[in-house]
*Asks:* 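My questions all concern the structure below.
For the single chain, residues carry numbers from 1 onward in sequence order.
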Amino acid sequence: MRRPLVTVISALGLSVLLTVPAGAATAAPPPDTTDFTIVTEQPAPDPGETPSFGLDDRRAHQGLPKESAQDIEERMTASRTLQTLKKEGKTPSSLAERKGPDGRSEAPALRRTDPNINVCMENKKTYRTYGWTIDHFFHCQGTTQTLYKQKCRWLIGCYPIGSFKFRATTIGEGYEGQRRIYYGTLLDEIDVKGDVSGLKLRHSIACANLSGSPRCTSEPGNGRTDTLTEWMRDSTGSYHWFNSAHAGDGPDKRAYYNITQRFTGIQGGRHKSVTTGRGGFRCDSASYIPGRSSACVFDVVVPVMSSIGIRDREVRQTARNIRDAQFRPERTKPVYRAKEVPGAPSSGQALTRNYYDKAMQKRSGDRVRATCERYWPGYASRGLQCDEYPFASTYQSAGAQPAHQDYAAKAIPAEDNRKGGERIAEFYKLDRILDSDAFYVHIRS
């Protein structure tokens, strides 16, 4: 039968006392002390695939985990919500840039009632190790931590006498017009037990540049260190801004970065930390995004274009041609029984933007117009234009070499085709789709 721990310790103490020679002076036991530790409760180890944050995979848009149709639908819904808030100036970075009466930026505080942070909090994917990247401009990441205060006694050891448990949710937002990125972190679900006096908590985010990228610069005021009492009283969290010099790979000057979060318990001059979460972003100075010559975005994701729908009268024929190409290719022209057209989220085969290969774009135009003339002779004289999918501005277009028939061409009203082109250009601009960036096309019913 196992003896209770206290009984064993008492026996050891008696044994020590019995070995002291008679008449010898006995030293008083050392006084009790306090210690602390911090423990990650969440996220748990990730099941299945996790994304790669390596430089080669990032450049090639590879290493992303597979997503179900529901996963992509959740991202599209969240993206629409956040993009609407962005237009209304209600996202964290927008609020952070507002000027107070003294002309200085107001504190970019987050609150539990803010709709932007709730988009992150309401989805459990936020609390994975690598978080939840919604689109190029929004990323969510979260964790649950517990800071324990301990009492340490001679012969017995240390045991908890109090705890401060909290959930930390971070929303990251890409920035346009400058090579900057924003992260705002909110603490909630705070649960305090026992004695936690004398402890402080620090939150910080570390940014590391990958090989060949300019240094990631942390801006003044980043992070927060406070007593636990202050964290409870003012739970508006902490914020981080990072920026990058105009340098990097190729003509777009692309630079790649990884981030991790750190929570540090502090007692007097002692510090104990845990590092959690993984994420990444990319900065560029691409000159061909209208009105936005530089930016930083979250690149470890495949954005979804969903601005074209069957019920949208302006682009109805464009929408039908894309939907048929994706799901009923046998109905499309040119006729080809083995036709497989990429781009639908359910296909797992993304399109990639082509900005620099103008010769491919010209070949695509020539081939699809020949196809339209073959099936709709004299279409141009009847006010029609030749629509094509995959788009001429992708590397999967009809202009790809070697020549192929995995595309759909259709003569449609010129205005419909023009409006469809505007929607594509708007998507490239709003989601900052650079040359070779992958994306899906979802046609709304």
Side-chain angles (χ1 to χ4, degrees), residues 61 251-252 286-290 303 305 307-308 312 314-344 347 349-443:
H61 306 284
D252 297 342
S287 60
Y288 50 86
I289 304 295
M305 176 183 171
S307 55
I308 293 178
D312 188 336
E314 288 189 334
V315 291
R316 181 173 294 169
Q317 295 303 317
T318 299
R320 286 176 175 171
N321 188 39
I322 296 172
R323 186 177 64 178
D324 284 347
Q326 291 179 342
F327 300 107
R328 293 182 289 269
E330 70 280 358
R331 294 185 179 185
T332 65
K333 305 298 186 287
V335 176
Y336 175 49
R337 288 188 176 182
K339 183 182 292 188
E340 293 185 6
V341 184
S347 73
Q349 301 177 52
L351 303 182
T352 50
R353 185 182 181 183
N354 170 17
Y355 175 78
Y356 287 114
D357 194 339
K358 305 302 182 185
M360 179 185 288
Q361 294 177 21
K362 184 180 184 304
R363 283 195 306 270
S364 183
D366 292 343
R367 288 173 182 169
V368 299
R369 283 191 292 271
T371 301
C372 281
E373 191 60 41
R374 175 184 174 189
Y375 291 96
W376 296 273
Y379 71 92
S381 63
R382 289 179 280 141
L384 304 178
Q385 291 182 354
C386 193
D387 181 52
E388 63 182 293
Y389 179 83
F391 312 133
S393 55
T394 68
Y395 285 103
Q396 292 72 32
S397 71
Q401 297 283 50
H404 65 92
Q405 298 186 71
D406 292 322
Y407 67 92
K410 184 178 182 180
I412 66 173
E415 183 64 11
D416 192 303
N417 191 52
R418 186 180 68 82
K419 288 291 185 181
E422 289 178 357
R423 301 289 176 88
I424 298 167
E426 181 182 41
F427 169 69
Y428 288 166
K429 174 182 176 179
L430 295 181
D431 228 289
R432 198 166 188 87
I433 307 297
L434 304 186
D435 183 86
S436 298
D437 274 357
F439 65 95
Y440 292 121
V441 179
H442 170 74
I443 300 302

*Asks:* Does K333 make a cation-pi contact with Y336 (under 6.0 Å, within 45 degrees of the axis)?
*Replies:* no
*Asks:* Do R418 and E422 meet the salt-bridge criterion of a basic N to acidic O distance under 4.0 Å?
*Replies:*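 Counted as a salt bridge, because a side-chain N and a carboxylate O are separated by less than 4.0 Å.
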*Asks:* Do R363 and Q401 have side chains that approach each other closer than 4.5 Å (heavy atoms only, starting at C-beta)?
*Replies:* yes
*Asks:* Kindly indicate whether the side chain of F391, heavy atoms from C-beta on, has any atom under 4.5 Å from the side chain of Y407.
*Replies:* no
*Asks:* May I ask you to decide whether R316 forms a salt bridge with D312, counting only side-chain N to carboxylate O separations under 4.0 Å?
*Replies:*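 Not counted as a salt bridge, because no side-chain N and carboxylate O are separated by less than 4.0 Å.
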*Asks:* Apply side chain to side chain donor-acceptor pair (under 3.5 Å) to residues S436 and Y355 and explain how you reach the verdict.
*Replies:* CA-CA 8 Å; S436 298; Y355 175 78; over 6 Å; no
*Asks:* Can you confirm whether the side chains of D252 and Y288 place a donor and an acceptor under 3.5 Å from each other?
*Replies:*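 Y288 and D252 do have a side-chain donor-acceptor pair below 3.5 Å.
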*Asks:* For a 4.5 angstrom cut-off between non-hydrogen side-chain atoms, does L434 reach R353?
*Replies:*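 SC-SC contact between L434 and R353 ruled out.
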*Asks:* Checking Q326 against Y389: is there a side-chain donor and acceptor pair closer than 3.5 Å?
*Replies:*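 Yes, a side-chain donor-acceptor pair sits under 3.5 Å.
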*Asks:* Would D416 and T318 count as having a side-chain donor-acceptor pair, cut-off 3.5 Å?
*Replies:*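 Note: D416 and T318 side chains meet the donor-acceptor criterion.
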*Asks:* Would you mind checking if R432 and D437 are paired as a salt bridge, meaning a charged N to carboxylate O distance below 4.0 Å?
*Replies:*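 Not counted as a salt bridge, because no side-chain N and carboxylate O are separated by less than 4.0 Å.
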*Asks:* Kindly say whether the aromatic ring centers of F439 and F427 come within a distance under 6.0 Å.
*Replies:*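 Judged by ring-centre distance (under 6.0 Å), F439 and F427 do meet the cut-off.
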*Asks:* Looking only at side-chain N and O atoms, does E426 offer a donor or acceptor that is under 3.5 Å from a partner on S307?
*Replies:* no
*Asks:* Could you tell me whether the side chain of T332 reaches within less than 4.5 Å of the side chain of K410, counting heavy atoms only?
*Replies:*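 Sidechains of T332 and K410: no contact.
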*Asks:* Can a donor-acceptor pair be found between the side chains of E388 and S364 at a distance below 3.5 Å?
*Replies:* yes
